[in-house]
Amino acid sequence: MMASRGEPPATKVVLLLVPHKDASFHAALRERFRVLDFFASSERSQLPAFLGAAAAAPEPPRAAIVVGAGLIPVDAAFLDAVPSLRCVMCLAAGVDFIDLDECARRGVVVANSGSVFSADVADHAVGLLIDVLRRVSAAERFVRRGLWPVQGGHPLGSKIGGRRVGIIGLGNIGSQIAKRLQALGCIVCYNSRTPKDSVPYRYFTNVHDLAVESDVLVVACALNKATRHIVGKDVLEALGKDGVVVNIGRGANVDQAELVRALKEGRIAGAGLDVFENEPGAPGELFCMDNVVMTPHVAVFTAESMSDLRDHVVANLEAFFSGQPLLTPVLPHSPVN
Amino acid sequence: MESLGVLLLHPLDTYLEQELDRRCRLLRLWDAPLDRRGEFLLAHASSIRAVVTGGGSGAGGDAALIDALPRLEIIACYAVGFDRVDLTRCRERGVRVTNTPGVLTDDVADLAVGLAIAALRRIPHADRYVRAGLWKANNGHYGLTTQFSGKRVGIIGLGRIGLAIAKRVEGFGCPVSYYQRTRQQQAYPNYTYLPTVVQLAADSDVLVVACSLNEQSHGIVSCELIEALGPRGVLVNVGRGEHVDQPELVAALAEGRLGGAGLDVFEAEPDVPEALMALDNVVLAPHMGSGTRETRKAMADLVLANLEAHALSKPLLTPVV
């Protein structure tokens, strides 16, 4: 089948490079596009062979659906392997595994999940914050172990209203966290690459100074060179022994070894963590701590977000294939969260 | 108030107890073994002019106690709920009653929101999953939970605590409806009044019990209400255990007729039924709505201030009767 110049190709071929999604996600894609699913293919263990076969086909793929988590980096080598690609659709907000400059050089447009997950991630961050300060999970363990009749009262938590919360990264997610925390009576401050116009929160030019003036630090920024270990020993010391860290960014935003040390030594008061270095799994030293709440990187995983994501991916790909601009394009050096 | 004889019914708070000991003549009811309480009261009746009690299942202030203390002048509750105090008998005897409203409003509202998120997003359950090493063992997918933002929140009782909850959930884009004995639509144009509590449940994804316990609200979370709330609904209770038909609640949760629950209070605290402990779709808290260091101190100070006002024949700060 020959497509005439200027008309969209008759077949919309999409590489699916994402492990196991639910059936409705696959169905929605297959209804509209021709999907080449790497994780379902027989060449499962050999990405180069799979990409080579796709690239050599009469109708090579023009779009690829990818996600981070260290699976398949979208770099020069990847783009060389499938030169027909013109669109990369990332299922996450974070695109740290995508070489945006290389994509731009080759005219490959990149889309991310935009603000599809923002409310859920914000809810999870606030849920973790309340849990740590009010000891919800620790108290649950207390009740479930049958200790309430035996020991009487459970240790008291800390009042949330009036707490100063410093948000690192005031993008979609950070802003939604701020809105919720204000409703809880917290005092919100933030650090971001640049100050945001017309937000009522105090801006700090660096995370250390933010930490000095905060009772709780919430990590809500993207992971890149500048933000790797942005919460390290220095910042933890500035936060202080009554301070709490909440991380819904990426594990590598926090110097995990330092955090664990600080918690063990009582140099900070607690932590609520959805992300870790070297997932899956969290540091065993934290498992006996009542002032730590850990969740297995679930902040985006609600039924509602997965359904919204499906619609969002379809909409972006349809836009691409019909020559329209992407709904949520990511440019080199633009904020992604 | 050095000469004020105060009977503390049960251990509540170390700071409160120390201050009562320091500033009054303190007697502790639990110094007497359970089966000798009657004798204890008899022996000390002539000196007890004040009683301090809490708000959980162990709270006191019933007619029997009031009758056993002929010199009783005031019952000060270290709680906002005074459902255990026999107000009728107090009025008959001229006994004053105080509670601790206001100072704990924010904490209880915060916990209600925290329990709603914890139940829908399964945070304590996910935390147990990680601690059990299951994340590493299963290499990934914990499973999908339910979004909180934008869910319809129904509040039973739009008093101080109910309003504080409404204000908070608005920050999550949740539309708010409510039921209470008297409609107040003019004051709250953003919130929808529903004329029956079952209708409220039918129109809600998350239903929060935030009303006081009295004859009308006893058992308000009935079988019918639970059915209206349904298999995708979540109940949050920061009121009293007696607001809920607990056996019905447990059965509904176990059978999936109710989606989930976040419970801070129970029928017979500190006992929580084994059947509830066995469930994963419920978050359990040991009556800690006001459980922060800051608020418990504020509550204690309010109890002490009320007692002092009484001792000095000044107006009580937060009288109920």
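All values derive from a computational prediction rather than experimental measurement. Letters go in sequence order (proteins before strands), and every chain restarts at 1.
Every residue two or more places apart in sequence or in another chain was checked for a ring pair (Phe, Tyr, Trp, His ring centres under 6.0 Å) with A/F117, and none qualifies. Applying the side-chain hydrogen bond (donor to acceptor under 3.5 Å, both in side chains) criterion to B/R293, with sequence neighbours excluded, gives A/S158.
By the 4.0 Å N-to-carboxylate-O rule, B/D21 lies close enough to B/R28 to be salt-bridged with it. A salt bridge links B/R121 with A/D120: the distance from a Lys NZ or Arg NE/NH1/NH2 to an Asp or Glu carboxylate oxygen falls below 4.0 Å. With respect to the salt-bridge test (charged N to carboxylate O, under 4.0 angstrom), the residues B/D127 and A/R141 qualify. We find that B/R168 and B/D106 are joined by a salt bridge, their nearest charged nitrogen and carboxylate oxygen being less than 4.0 Å apart. Remark: B/R84 engages B/E242 in a salt bridge, criterion side-chain N to carboxylate O under 4.0 Å.
In this structure, the portion of B/E294 lying under 4.5 Å from any heavy atom of chain A is its side chain and not its backbone. Residue contact with chain A, scored on non-hydrogen atoms closer than 4.5 Å, involves the side chain of B/T295 exclusively. Only the side chain of B/V272 comes within contact range of chain A, judged by heavy atoms closer than 4.5 Å. A/D123 touches chain B through backbone and side chain together, each having a heavy atom under 4.5 Å away. Interface remark: A/I130 contributes side-chain atoms only to the contact with chain B (heavy atom separation under 4.5 Å). With a threshold of 4.5 angstrom between heavy atoms, B/I117 approaches chain A through side-chain atoms but not through N, CA, C or O. Using a 4.5 Å cut-off between heavy atoms, A/M294 contacts chain B through both its backbone and its side chain. Both the backbone and the side chain of B/R131 come within less than 4.5 Å of a heavy atom of chain A. Heavy atoms closer than 4.5 Å to chain A are found nowhere in B/R122, neither backbone nor side chain. Proximity to chain A is absent for every atom of B/L104, based on heavy atoms less than 4.5 angstrom apart.
The candidate from A/A299, A/S305, A/G146, A/G153 with the greatest count of non-hydrogen atom pairs under 4.5 Å with chain B is A/A299. Considering only heavy-atom pairs separated by less than 4.5 Å from chain B, the leading option among A/Q182, A/H124, A/H154, A/K179 is A/H124. By number of non-hydrogen pairs under 4.5 angstrom with chain B, the leading residue of A/I160, A/V143, A/L181, A/D274 is A/V143. Options A/L286, A/V293, A/V150, A/L147 differ in how many heavy-atom pairs under 4.5 Å they form with chain B, and the most are formed by A/V293.
Distance check: B/T192 OG1 to B/I155 CD1 gives 11.0 Å after rounding to the nearest 0.5 Å.
Here the options are B/R232, B/K151, B/R152, the test is salt bridge (Lys or Arg N to Asp or Glu O under 4.0 Å), and the partner is B/D205; only B/R152 passes.
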